[in-house]
Structure formats: C-alpha cells, structure tokens
Amino acid sequence: MWLLKVALPLPLEPMSYLPPHADGRTEVLGCRVVVPWRGELRVGVVVELEEGQHKSFALREAIAYLDERPWLRPAEIEYLAQAARDSFCMVGTLLNDLLPFLEPPLLHRVRLLPEADPAVLPRGLEALAQGWQGAQGFDPKLLDYLREAGVLQEEVSEWHSRQQALVVLQEPSEKLSEKAKAAWYALRDLRQVESMAALARAAGVGVGVVKGLVDKGYIGFVEVEPAAEAVVTRSPEPLELPAIPVRLQGGRLLERIRALLAWVQSGPVLLLFPEVALLRRFQPYFPEALVLHGEMKAEERRRVWGQASQGARWVLATYQGLLLPLSWERMVVIEEAAEAYKLPGGSRAFVPRLARLRAQGLGVPIHYCSSVNSAEVWDEPAHLLPPPQPRLYLLDLRRERGWPLSGAAIALLQQVQEKNRQAVVLSARRGYSAVLRCKQCDWKAMCPNCALPLRYHKSGRLGLLQCHQCGHEEKAPDLCPSCQSDIFDPKGPGVEWLLEALAQHLPALPRYRYTAEAKDDLRPLLAGEPGVLVGTTAILRGPVLPELALVLLPYADGFILESDFRAAERYHRLLWQLADLHPHRRPLLALQTFEPAHPAHRALKDADPQGFMNLELALRHALGYPPASRMVKLEVAHPKEPVARDAILQLAAALKPKAEPGELLGPAPAPVARLRGQYVFHLLLKSSEARIQALMENLPHLRGARLRIDPDPQRFVGLLED
DNA sequence: AGCACGCCGACT
DNA sequence: GTCGGCGTGCTC
C-alpha cells in the first residue's frame, strides 16, 4: 500500500494520506495535492511516497493532484526539510513562508457515487443524486461525512480566472443610437477595456447602453493574456572583472549592476532581493528576466512558477524564488545585510542564510553584491569597486549650538533654499527608549555585562536603565557619574519634531514627509522644485530626488546607539548608502553627532569601508558575536505576566545545566515588555553551530505560554513580529 | 495556525 | 442552576 506524506502550509510536520483512489499515478513526488483537512479542502505538496501500512489510526484519502509535473523536485523537498531543521520550525511553517501563493482557488464539483443508494444522502444534499454539482453550495461538514463514507465522487482542479477584456466585434450598424455608437467608437479607440462599467465611464454613457451593445453582439468579452508590466530596458556596457568574486562590494549601484551583467550572462541565475523596490531598480537591466515577488497577484506568481520551471536565463525574485525547481548556474544575494530579508512569517528565517543552504544543496556558487557587504560574508573572496567619494561634513554636537538643528545645519539648509536645490533630513525615529549620555563629557550608561549602552526607560518619576540583551537593571543617576553635570535629555528627534523645527527656522522652504507609514506627494520635488524631504530610512527605498544637494542627519548617533551589536555595522552601511543616494551627484552628507571620531565616520572620510569592517570583525570575534558564533533567540509571550515569566524561567532552568558559560544570555524582558496585550521574555543562545544544535535539542514542552524561536535574530529590539 | 473540548466565574 | 471565558491538545 502506497502512502503520501503531504506537507501543508500549516505549522505542522507532513501528514500521511492514502493516494486518491481515482488516480493511480506514482510519479507524484513534489506535486500539489488537494486533501481533506478538518472537513475542508487544503492544498499541500507530496514530499514523500512510502510503501507500508499505517496502523495507529485510519488515514484519509487524498482527493486529487493539481499538477501534471511536480512543483518541487526532490532537491527542493530535501532543502525544505533541511531548512526547517536549520530554522527550528516545522516543514509546513517554512512551506507557508516560502510559498504564500501555493494554494490556488479551486474548482470543486461533487456528486453521489452512481452506484450508491440516494437514501444515504442527508437532508440538504439530495441534489447530489442528480449528478455533478458545484461544491460551494453545500455544507462542507456534510460533504466530508459523505467523503468519509466513501460515497462522494469529486473533481478538483485549479481555478484560473479568465482575464477578460471588452473589445469591438463587428462594425456598428446605422440603426444604433448615437450613444451606442459613441460607446462603440470609444471602445475601438481604447482597443480594450476591462469591464462594461469602465467603458460606460470612458464613453460617458450609461451602463445600459454598453450592455445593449454586448447583447446585440457589436462588442463582447474575449480572453486576453494578462499584460506584462512594461519595463523600460537599459543596456549598459557590462563591466568585466578579472575573476568572478564571491562578494562584490562598493561602487555606484549602476557599476555593481554592470559587473553582475558580465558574469550572469548564461544562466539560469537567481538574483535575490530584499524588497521589491530594489528589484525594480535592477529590472531594466535584465530584459528577459522572469520576476517573482509579493506585489504580483498570487495567480500571476503561480503562472511565473510554471514558466520558470521550464527554464529561464534570469530570475529576479524576493525570497519567494528560493524554492523554484531550477538548477541554478549561480545564485546572487543582493544587499545580503538588508533587514527586509527577515521573513515575517512563523519561521522567522533570514533569507541570506536560507539562500546559502539552498546553494549548498544544489552545489552551486553563491555570490553577494552590496554597497557594503555584511560581516557574515566578509571573509569570502572579494572584488572591491572604488566606493563613491562622499562629501562628509561632521557637526560636533558638543560644540555646535542649536537643537535639533544646529546653526551650521540651518546655514546649510539656507544654502539649499537659496540655490533652489533639495535636501534630505533623516531621522532614526527610535521612539520608546533612548540612551542616557552626558552632555559635557563622553560618559554614557553602559551595561556591565554586555558592553552595550543601557536603554533609558521612563518609569514613574525615576528613570530606569535596562539592558535589553541580558536583563541587567539599574536606577538612572541624577548626575553624570563621571563629571557631575546634569544628564542630557534622552529624547530622540523624530520626524514630526524635525518638521516643526524646519518650519520654524526655514518657513519658506517646502517640507515633505517620507516614512513607511506616511508619504507625501513628492511630485514637485521630482519635477526639480526646491524643498526638503524629512523621513526615516524609508527614504532609501524612495524615488531619487533630482536636485539633491544635502543629506542631513540631525542626530546621527540615534542610529549607532541601539542596544544591538550590529548597530555600528548598520550605521556604517547606511552612511555609504546615503553617499549613493543619487545615481551620479555627490550631495553633502552632514552629520550632527557627539562622536565625530566614530570609526564609521573615519571610514567615510578615508573612503575605506574595509578598515571599518576589519575593526568591527575583530570586535565581534573578541566578544563572540556573529559571525564568530551563531545566535538563536527564544521568546515566550503570554497575556499574564507571571505565566510568561514562569515559562521563560522553566526554559532557562532546562538549558542552564547544558550551557557553558557565556552561551546563555537572559532571560530578560523584551524591550517592549508588553506588546499587544502580551508580556514578552527573551532568552538568547550564543555559541558555535554545533553547540547551538546541541542546546536546541529536546527543549522542554512549555505549558501555558507559547514558545517562538528566532533562528537568526538580526535586531534585538521589539517583538519578533514587528 | 485554526478549532474543538474541557474546567472555573457572573448572570437570567 | 446555566453561559462563556480561554488554556490544552489535535489535526492524517
């Protein structure tokens, strides 16, 4: 007896089913299959065929395969299992995260098995004796009852929406009304419209007129191929390198693209992007590329999936391309340090890590292409393009007057205004907690255990200093322990505050806001009119300002002083990305900072990203942080504080005896200790890959609170899903 | 993840 | 005396 193991897009391991009795195919490994699930139908992937008896409980029968050819090959199935193990999650969780478009809408028809007695039909289902019926009208629970009794015959297939368009079919007759003729000619000029209502609107007639034309056969609906998004193609000269490097760094965006073009000519090559905005910037240079990303309709993505499976020269994709059943010649991860690579779903996996695993599984080379490569790939053979020469202007906040805009910064903005140019003002917008530091001397509140700044929390009248990494807490001092002066107000300048300050100092300079949540209409700026754009790092993903002359960070330290060992690396990369914000101009990069001597600033002054990263890596190795180790975050959340606390203590107690010194950090309350009504606690593991694997084995079953695992934490603030 | 089953407080 | 809260366990 053959059994199917079916991976469903649910946080579960694959489930066993009997093969559909109506379909005896055996070459179904990797095909999508429709199965009964809790009385309804779900779509999964056959990940294993096993011969044998299943005794413990009665298995259900799968209903039908959706595919002729497999969606996934054995290579992808094996990868899925391996990646799930690596991410400490269920196979189904990862399947759901990587293929959010797996389940198509279904065409489902049912009837009573002809030889069955209609008397078995429960009330409401009598129609099933009459022959094939669409399933949607019937109670799924009752249908499942018949299914289980073995008297239901079913047909299931993928539902394809027919992309229809209204077109002219025959010449208008003289008898038609003026309005009808107008509508007919309007449609002829438009060639096609998507609906009757749209034509009525376009022609300025009632829908009834259009309907009349359809009924009389002058116009009608035809199926059309979904129109591909028009992309302006560009063909720059490929930039030949002496050898193909594992990591490519530096230069301007266009130079990196040119270098890539020189070594991804034959294909198939997968280019992985952290976000759609960046993918779109590459798209014009890869005219034949298939693209796959979350802004496309699910149906469109399924179509591209089938197409890509047949072969492709280039595929530009977000993480959704990772499971494509193609044997790549090589894979390229673009901007491998981007935080957008963190999967938002249950697996919490980090795509560059998954990509490396994928390349290993296929035995193909993987490459990384970034403005500044991540610490994780730093040791790989590199080709370094000369970095863009930034014009850096450091404003020392210990000397400058004026806050949040110093006099010098206002003067710069005034010049921008006088010369009718454009400026960007960038805010770190870390709202809820800040770092406590002295205005007079260099002292700042540091954690005694972690070599990280403590975060300042307002708790009643007293300030509380807390380490978000290890949980250490102390009371905030009233006076600076080093020089006895009063403490700098630990407020970080947000976008709103900056807009106010700009309105006050430069009322005549038009202001625009640009954050992930609120985007002003930038058309005047894009048309070249003067103005200042105030926003968060969302600006990096926004359109290019044609007259950009100044990039100002009123509180650059806000980007450095996150309680996070990766903060400096991120800040350094941000500065280089700002230097490359305009494709060929070199805007002045003005930073208001308490730390003009910060290594990242020196790196920009000396145009030497290598120097900075070497220093950073030495630090990571000294402290045992990634990439010198692997980290895994365990998170427990519950609406009741004691329950959550209890659970995390249980977990810590179970791990303590196994852990060596320094491997177990915490438990600590999450930086936002209560979020969406849940109390959140963290526990961090930090050690070698092998030790992490050992520690993660047989975690205790927690009662009460739910455990979530972040297999590759990138940022140590906020809940996992923020 | 969803969903059903199962034990302890505020109501007609 | 019941209705309903969500904590716990299961899904082939």
Side-chain angles (χ1 to χ4, degrees), chain A residues 1-21 23 28-29 31-66 77 80-81 84 87-103 139-150 152 154 156 298 343-349 635-648 650-651 676-680 699-710 719-721:
Chain A
M1 167 75 85
W2 284 100
L3 297 182
L4 310 179
K5 286 261 190 191
V6 179
L8 291 160
L10 297 166
L12 300 164
E13 291 303 328
M15 296 285 169
S16 301
Y17 284 88
L18 300 169
H21 71 273
D23 192 336
V28 291
L29 191 64
C31 287
R32 288 177 306 166
V33 64
V34 181
V35 295
W37 177 262
R38 292 182 149 269
E40 312 232 303
L41 303 190
R42 293 299 298 257
V43 178
V45 177
V46 180
V47 292
E48 198 180 325
L49 279 158
E50 52 177 16
E51 199 167 10
Q53 228 64 44
H54 197 91
K55 48 239 143 239
S56 50
F57 49 86
L59 290 182
R60 306 283 318 257
E61 203 174 84
I63 295 167
Y65 304 112
L66 284 182
I77 293 169
L80 198 57
S87 309
F88 308 104
C89 69
M90 305 280 185
V91 165
T93 304
L94 202 59
L95 182 69
N96 188 235
D97 283 3
L98 293 183
L99 291 180
F101 51 92
L102 173 74
E103 289 185 274
D139 179 355
K141 287 274 176 321
L142 291 178
L143 284 180
D144 196 50
Y145 162 76
L146 294 179
R147 186 181 290 130
E148 217 167 353
L152 190 69
E154 300 183 82
V156 187
L343 291 184
S347 71
R348 330 241 146 214
E635 183 189 87
V636 147
H638 196 271
K640 292 188 185 120
E641 202 262 2
V643 178
R645 182 183 291 275
D646 242 44
I648 202 77
Q650 260 185 71
L651 203 55
R676 262 177 267 130
Q678 300 248 311
Y679 288 88
V680 188
L699 288 181
H701 179 75
L702 292 185
R703 304 190 319 112
R706 174 172 294 176
L707 169 67
R708 304 171 114 160
I709 297 169
D710 187 333
L719 249 193
L720 288 181
E721 71 261 34

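Residue numbers start from 1 in every chain, and the chains themselves are labelled A, B, ... in the order their sequence lines are given, proteins ahead of strands.
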Atom pair distance, as rounded to whole Å: [atom1] in [X] and [atom2] in [N]:
X	N	atom1	atom2	result
A:Arg348	B:dA1	CZ	C1'	13 Å
A:Met15	C:dC12	CE	C1'	6 Å
A:Asp144	B:dC3	CG	P	14 Å
A:Asp646	C:dG7	CG	C1'	15 Å
A:Arg147	C:dC12	CZ	C1'	14 Å
A:Asn96	B:dA1	CG	C1'	8 Å
A:Leu12	B:dC3	CG	P	14 Å
A:Met90	C:dT11	CE	P	13 Å

Q: Kindly compute the distance separating CG (A:Leu102) from CZ (A:Arg32), expressed to the nearest 0.5 Å.
A: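 It is 6.5 Å, given to the nearest 0.5 Å.
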
Q. NZ/A:Lys141 to CZ/A:Arg147 distance, rounded to the nearest 0.5 angstrom?
A.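 The distance works out to 10.5 Å.
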
Q: Using the closest heavy atom to pick a nucleotide of DNA chain B for each, name whichever of A:Lys141 or A:Trp37 lands nearer the 5' end.
A: A:Trp37

(Q) Under a 4.0 Å threshold between the charged nitrogen and the carboxylate oxygen, would A:Asp144 count as salt-bridged to A:Arg60? (A)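 So A:Arg60 pairs with A:Asp144 through a salt bridge.
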
Q.
Counting C-beta onward and ignoring hydrogens, is there a side-chain heavy-atom pair between A:Leu699 and A:Ile709 closer than 4.5 Å?
A. yes

Q: State whether A:Lys640 places a side-chain N or O below 4.0 Å from either non-bridging phosphate oxygen (OP1 or OP2) of C:dC6.
A: no

Q: Would you please confirm or rule out a distance under 4.0 Å between OP1 or OP2 of B:dA1 and any side-chain N or O of A:Arg706?
A: yes

Q: Answer with base, sugar-phosphate or nothing: what part of the nucleic acid does A:Arg42 contact at a heavy-atom distance below 4.0 Å?
A: nothing

(Q) Applying a 4.0 Å non-hydrogen cut-off, can you work out what A:Arg60 is touching in the nucleic acid: base, sugar-phosphate, or nothing? (A)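 A:Arg60: backbone/sugar contact only, no base atoms under 4.0 Å.
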
